[in-house]
Novice: 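Can you read through this structure? Questions will come right after.
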Amino acid sequence: MSDLPAEVQGWIGQKRYEQEGEFDVERGYIFTTCSSTENANPIYWEEKAANEITDGFIALPSMISVWFRPHHWAPKREEQVLPLQVHFDLKAIFDLPEAVMSDNTVTFGEPVRPGDRLRTWQTLRSCSGEKKTKLGTGRFWDIDVEYVNQRGEWVGTDSYTGYGYRRD
Amino acid sequence: MAYQILTVDQVKPGSELPELAIDVKPVTIVLGAMAARDWRPQHHDYKFATENNGVRDIFMNTPNLAAWFEKYVTDWTGPYGRLGWIRFRMKDSVFPGETMVFTGVVTGVDTDEAGCAWAEVALTLTTGGRVTTLCTARVALPATEGDNPWQRKGDQWKPQPAQH
């Protein structure tokens, strides 16, 4: 018998928090990501290589979640908006103040290009009973995040395993 | 200019990727978090990380770790290599003052039903002597010098592995 609250059981398999990115995909973050990882791949730096290999500039596939991380501050916003809201909903409902991500699986579809405006939604796949680890006592959960571009083409799926916990 | 091309016939199970060692500085962590638009304090605020998360310093965030694995794989394949799928398990955190060492080995080579050639690689990130992350990735490679996995669209692009 599951010890999950009915509200959490109701979230499992439900498409939630469908949203459009707050800004267009742009090259500034692509350069900063390449810079942060010392990535010299010419398809991100050289127009000729991008035209020849990827039909123009693209974003690094691994940046897929970047385009949905909300601004830290924005006018008329009373509360800070959080990315991966389902994760924070679970922390809140189980009153687990800390959390870490333990597993991440990403499948990449159509390349994301500067100027694209992506859409996303989140789906809770599972949530465990209470488990004790070296970090504390808490629960594991699996969340899928799907991404499509403005033409409805699938560009990727990000699957996270999170662990929300309270330090013992 | 001709770009580096790693074609699938050049790799086989057991082929090793060149080792990559990177010294991690506070800016490595903070720049990575900012590039990923990850404003959470454990990636830039020492006091928060140590007192709230109970770890010894600020630590690398998940999307930036993925970007490091992508860099490691495509440094090996060259620009025609197209990452299709990646899975990683974080066993411990990456902290400033340590050296990250990436190693990798090809575990499989196959061609899917759409004719796309793939290499599957098992990657290990060791930091400060600890295995901090284990990763599996599938990367599409040109079958020949005229082939380009980036040209694949729709039904011609099947990045999901058969198993896992």
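Numbered from 1 within each chain, the chains take letters A, B, ... in sequence-line order.
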Novice: Just to be sure I understand the criterion: a residue of residues 65-78 of chain B counts if one of its heavy atoms is under 4.5 Å from a heavy atom of chain A. Which ones qualify?
Specialist: B:Ala66, B:Ala67, B:Trp68, B:Glu70, B:Lys71, B:Thr74
Novice: With side chain to side chain contact (heavy atoms under 4.5 Å, CB included) as the test, would you mind laying out the steps for B:Ile86 and A:Ser62 before giving the verdict?
Specialist: CA-CA 9 Å; B:Ile86 186 169; A:Ser62 62; over 6 Å; no
Novice: Do you know which of A:Asn104, A:Thr161, A:Asp103 makes side chain to side chain donor-acceptor pair (under 3.5 Å) with B:Arg89?
Specialist: A:Asp103
Novice: Do you know which of B:Pro159, B:Ala137, B:Ala35 has the most heavy-atom pairs under 4.5 Å to chain A?
Specialist: B:Ala35
Novice: In terms of hydrophobic clusters joined by side-chain contacts under 4.5 Å, are A:Ile93 and A:Ile143 together?
Specialist: yes
Novice: Hey, does the side chain of B:Arg37 reach the backbone of A:Arg69 with a donor-acceptor pair shorter than 3.5 angstrom?
Specialist: yes
Novice: Which bit of B:Asn148 comes within less than 4.5 Å of chain A, counting heavy atoms only: side chain, backbone, both or neither?
Specialist: side chain
Novice: For A:Glu110, run the salt bridge (Lys or Arg N to Asp or Glu O under 4.0 Å) check against B:Lys153, B:Arg152, B:Arg82 and tell me which one passes.
Specialist: B:Lys153
Novice: Please tell me if the side chains of A:Val106 and B:Trp85 come closer than 4.5 Å, counting only heavy atoms from C-beta onward.
Specialist: no
Novice: Do A:Trp67 and A:Trp121 land in one hydrophobic cluster if side-chain heavy atoms of ILVMFWY residues count as linked below 4.5 Å?
Specialist: no
Novice: Check whether any side-chain heavy atom of B:Trp150 sits under 4.5 Å from a side-chain heavy atom of A:Ile58, and report yes or no.
Specialist: yes
Novice: At a 4.5 Å cut-off on heavy atoms, which part of A:Ile64 comes close to chain B: side chain, backbone, both, or neither?
Specialist: neither
Novice: For A:Glu47, does the CD atom sit with more than 12 other heavy atoms under 6.0 Å from it, leaving out its own atoms?
Specialist: no
Novice: How long is the straight-line distance from CD of A:Glu38 back to CD1 of B:Ile22, given to the nearest 0.5 Å?
Specialist: 4.0 Å
Novice: Side chain, backbone, both or neither: which part of B:Asn61 has an atom under 4.5 Å from a heavy atom of chain A?
Specialist: neither
Novice: So if you build clusters from Ile, Leu, Val, Met, Phe, Trp, Tyr with side-chain heavy-atom gaps below 4.5 Å, do A:Phe140 and A:Leu84 land together?
Specialist: no
Novice: Select one option (side chain, backbone, both, neither) describing which atoms of A:Phe31 are under 4.5 Å from chain B's heavy atoms.
Specialist: neither
Novice: Are more than 12 heavy atoms, taken from residues, nucleotides or ligands other than A:Asp168, located less than 6.0 Å from that residue's CG atom?
Specialist: yes
Novice: So which of A:Thr33, A:Leu60, A:Ile53, A:Thr32 has the largest heavy-atom pair count under 4.5 angstrom toward chain B?
Specialist: A:Ile53
Novice: Check whether A:Tyr165 gets within reach of chain B through its side chain, its backbone, both or neither, counting any heavy atom under 4.5 Å.
Specialist: side chain
Novice: In Å, rounded to the nearest 0.5 Å, how long is the span from OH of B:Tyr80 to CG of A:Asn41?
Specialist: 11.0 Å
Novice: Please answer whether the main-chain N or O of B:Gly154 pairs with a side-chain N or O of A:Trp154 as donor and acceptor at a distance below 3.5 Å.
Specialist: no
Novice: Sort A:Thr157 into side chain, backbone, both or neither according to what part of it lies under 4.5 angstrom from a heavy atom of chain B.
Specialist: neither
Novice: Would you call B:Asn64 and A:Ser36 a side-chain contact if the rule is heavy atoms closer than 4.5 Å?
Specialist: yes
Novice: Do B:Phe88 and A:Thr105 have side-chain heavy atoms sitting under 4.5 Å apart?
Specialist: no
Novice: Indicate if A:Phe94 and A:Tyr160 have the same hydrophobic cluster label, given that clusters are the connected sets of ILVMFWY residues with side-chain heavy-atom separations under 4.5 angstrom.
Specialist: yes
Novice: B:Trp39 side chain to A:His71 main-chain N or O, any donor-acceptor pair under 3.5 Å?
Specialist: no
Novice: Check whether any side-chain heavy atom of A:Phe108 lies under 4.5 Å from a side-chain heavy atom of B:Arg138, and answer yes or no.
Specialist: no
Novice: Does the side chain of A:Tyr29 reach to within under 4.5 Å of the side chain of B:Met34, using non-hydrogen atoms?
Specialist: no
Novice: Check A:Arg167 against B:Asn53 and note the closest heavy-atom contact, atom names and distance.
Specialist: NH1-C, 4.2 Å
Novice: Between A:Ile30 and A:Val66, is there a shared hydrophobic cluster once you connect ILVMFWY residues whose side-chain heavy atoms come closer than 4.5 Å?
Specialist: yes
Novice: What part of B:Gln4 gets closer than 4.5 Å to chain A, counting heavy atoms only: side chain, backbone, both or neither?
Specialist: neither
Novice: Quick check on A:Ser65 against chain B: is it the side chain, the backbone, both or neither that has a heavy atom closer than 4.5 Å?
Specialist: side chain
Novice: Give, as side chain, backbone, both or neither, the part of B:Lys91 having an atom under 4.5 angstrom from any heavy atom of chain A.
Specialist: backbone
Novice: Count the heavy atoms belonging to other residues, nucleotides or ligands that lie under 6.0 Å from CD of B:Glu113, then report whether that count exceeds 12.
Specialist: no
Novice: Mind listing the closest non-hydrogen atom pair of B:Gln151 and A:Asp55 along with its distance?
Specialist: OE1-OD2, 3.4 Å
